[in-house]
Undergrad: 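So that we are looking at the same thing, I have put the structure below in structure tokens.
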Amino acid sequence: MIDLRALREDPDRLRASQRARGEDDKVVDRLLDLDERRRSALTRFENLRAEQKTTGRSVSRSSGAEREELLARAKELSTQVKAAEAEAERLAEELDAAMAGVPNLIEDGAPAGGVDDYVVLEEVGTPPAFDFEPRDHLELGELLGAIDTERGAKVSGARFYYLTGPGARLELGLLNMAIAQALEYGLTPMIPPVLVKPETMAGTGFLGAHAAEVYHLPQDELYLVGTSEVPLAGYHADEILDGASLPLRYAGWSPCFRREAGSYGKDTRGIIRVHQFQKVEMFTYCRPEDAHEEHLRLLNWEKEMLAKVEVPYRIIDTAAGDLGTSAARKYDCEAWVPTQGRYRELTSTSNCTEFQARRLGVRYRDADGRPRYAATLNGTLGTTRWIVAILENHQRADGSVVVPAALRPYVGLDVLEPVNR
RNA sequence: GGUGGAGUCGCCUAGUGGCCGAGGGCGCACGCCUCGAAAGCGUGUGAAGGGCAACCUUCCGUGGGUUCAAAUCCCACCUCCACCGCCA
């Protein structure tokens, strides 16, 4: 949810933001008009209501003919108040509905345009040069007895898999390493619920344009989360945080569920795009004025994790049209996948400014004692997909895979050896 | 899943239709007192929206309803607690 008062003061800012996202900027005029009408309807209702209360009180103090007269007036006011209230409510609902469809204002500097208009900020490391034909991650995973997609499909369908033996160890090691790094920097590790109520899912902005991506359990009116960002954002919903406690930083470890609707035929091989995976996700609540700096801090922590697994990657500044509903700015780190000859997303960090907090009611008390909305940010420290980049980049001619040095203590193996020939 | 009880201002609590336009206590803030503190005394103490402001309106778990008027009466739902059943 964007700030209505800020919109009143500077509507051009939202117009520019909408255009950069490739979305309709006429919504601005509609919002301003609705807001104007809503406020005047509200004033009308409030004045009538005040008169009704005064009249009602004088009824109880009067008697006889005077009482009858006041009673008649009070009845009349009662009808008028009901009508005025209904009108104010109707306009408020209309405005809310219009506001709900408006994505966050983009941060200054975010590139305009769509998916392909990202800006490459940095390339780290160099793609490995193999003197043999590299195997893709699934072939390696099967060879090593680490990934079983056939049985995943048998039991649960397409885009499901088992991580077996060394594969399971690799994932646990990676995620444990992520938690260890999070602890090192003072983040609080969290294991959150992964089924959430509609208001939490909606509050984080996932029931808008991407609602089809979300698993829904209608019998219980719950949603399966696609990232622990959702329960971590809901954690402090409807709270007023102590300003001195900020920033609050969490690292959530959770399974993530995605329907992958509309991606039929894309990445059908292996574990690049799956319905269920695990992730360690950083989540920060901070003052809005500190959000930009915090965003860069999260990005740095992602870079540190990527350095530990020793895969070549690049950092992109996502274009406005490819930002989620809630994000004002987003940086993705994409690892080199040798058999695809391209970079694939391993991490994503978003600055959601006060957008999510406004919907979820997350506030803090500032130095003056006034409640203000907090900014929220999130960023990836590790996911199942990282296994793809690790296997492919560290493979050797015989099909074995060298475990990156930093990861070895967590995996308990130096090299993953082929078991199936 | 069943039965019973409960949900009021940060916490505890008063409150059975108009004097609740929510009282009291604790906590907190400020002031007085004090060398300083404690105690005591006094004042203040929520959120949202509108308004330049004075101020007004909304909020007593949520949503409906009755009434000129609802924390209070009626209906439904939610949450918590207790017990019972079922499952692991």
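Computation of the quantities below employed the complete heavy-atom set of this structure, encompassing side-chain atoms and omitting hydrogens, waters and symmetry-equivalent molecules. All values reported here derive from a predicted model rather than from experimental measurement. Sequence lines set the chain letters: A, B, ... in the order given, protein chains first and strands last, and positions in each chain run from 1.
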Undergrad: Does OP1 or OP2 of B/U58 have a side-chain N or O of A/K53 closer than 4.0 Å?
TA: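 True: A/K53 side-chain N/O within range (under 4.0 Å) of B/U58 OP1/OP2.
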Undergrad: State whether a side-chain donor-acceptor pair under 3.5 Å links A/Q356 with A/E229.
TA: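 A/Q356 vs A/E229: donor-acceptor pair found between side chains.
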Undergrad: Which whole number of Å gives the distance between the C1' atom of B/C52 and that of B/G40?
TA: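 It works out to 44 Å between them.
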Undergrad: Just how far, in rounded Å, is P of B/G46 from CZ of A/R363?
TA: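 In whole Å, B/G46 P lies 13 Å from A/R363 CZ.
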Undergrad: Let me spell it out: for each of A/R49 and A/P371, pick the nucleotide of RNA chain B with the closest heavy atom. Which residue's pick is nearer the 5' end?
TA: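 Between the two, 5'-proximity favours A/P371.
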Undergrad: Got a sec: does the CZ of A/R8 have more than 12 other heavy atoms crowding it under 6.0 Å?
TA: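 It does: A/R8 CZ has more than 12 such atoms within range.
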Undergrad: Is the phosphate of B/U67 approached by A/S78 (side-chain N or O, under 4.0 Å from OP1 or OP2)?
TA: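 Looking at the OP1 and OP2 atoms of B/U67, neither is under 4.0 Å from any side-chain N or O of A/S78.
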Undergrad: So how far is it from A/L298 CG to A/T349 OG1, rounded to the nearest 0.5 Å?
TA: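 Here the rounded value is 4.5 Å.
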Undergrad: Just call it for A/R5: base, sugar-phosphate, or nothing, with non-hydrogen atoms closer than 4.0 Å on any strand.
TA: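 Here A/R5 touches the backbone only, sparing every base.
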Undergrad: Which heavy atom of A/S228 sits nearest a heavy atom of A/E281, and at what distance?
TA: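 Between these two residues, the closest heavy atoms are OG-CB, 3.4 Å.
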Undergrad: Mind checking if A/L71 touches a base, just sugar-phosphate, or nothing, with heavy atoms under 4.0 Å?
TA: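 Base contact - A/L71 has a heavy atom under 4.0 Å of at least one base atom.
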Undergrad: Using the P atom on both, measure B/U8 against B/A71 and round to a whole Å.
TA: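 So the two P atoms sit 15 Å from each other.
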Undergrad: With a 4.0 Å cutoff (strictly under), does any side-chain N or O of A/R365 reach OP1 or OP2 of B/G46?
TA: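 No, no such contact exists.
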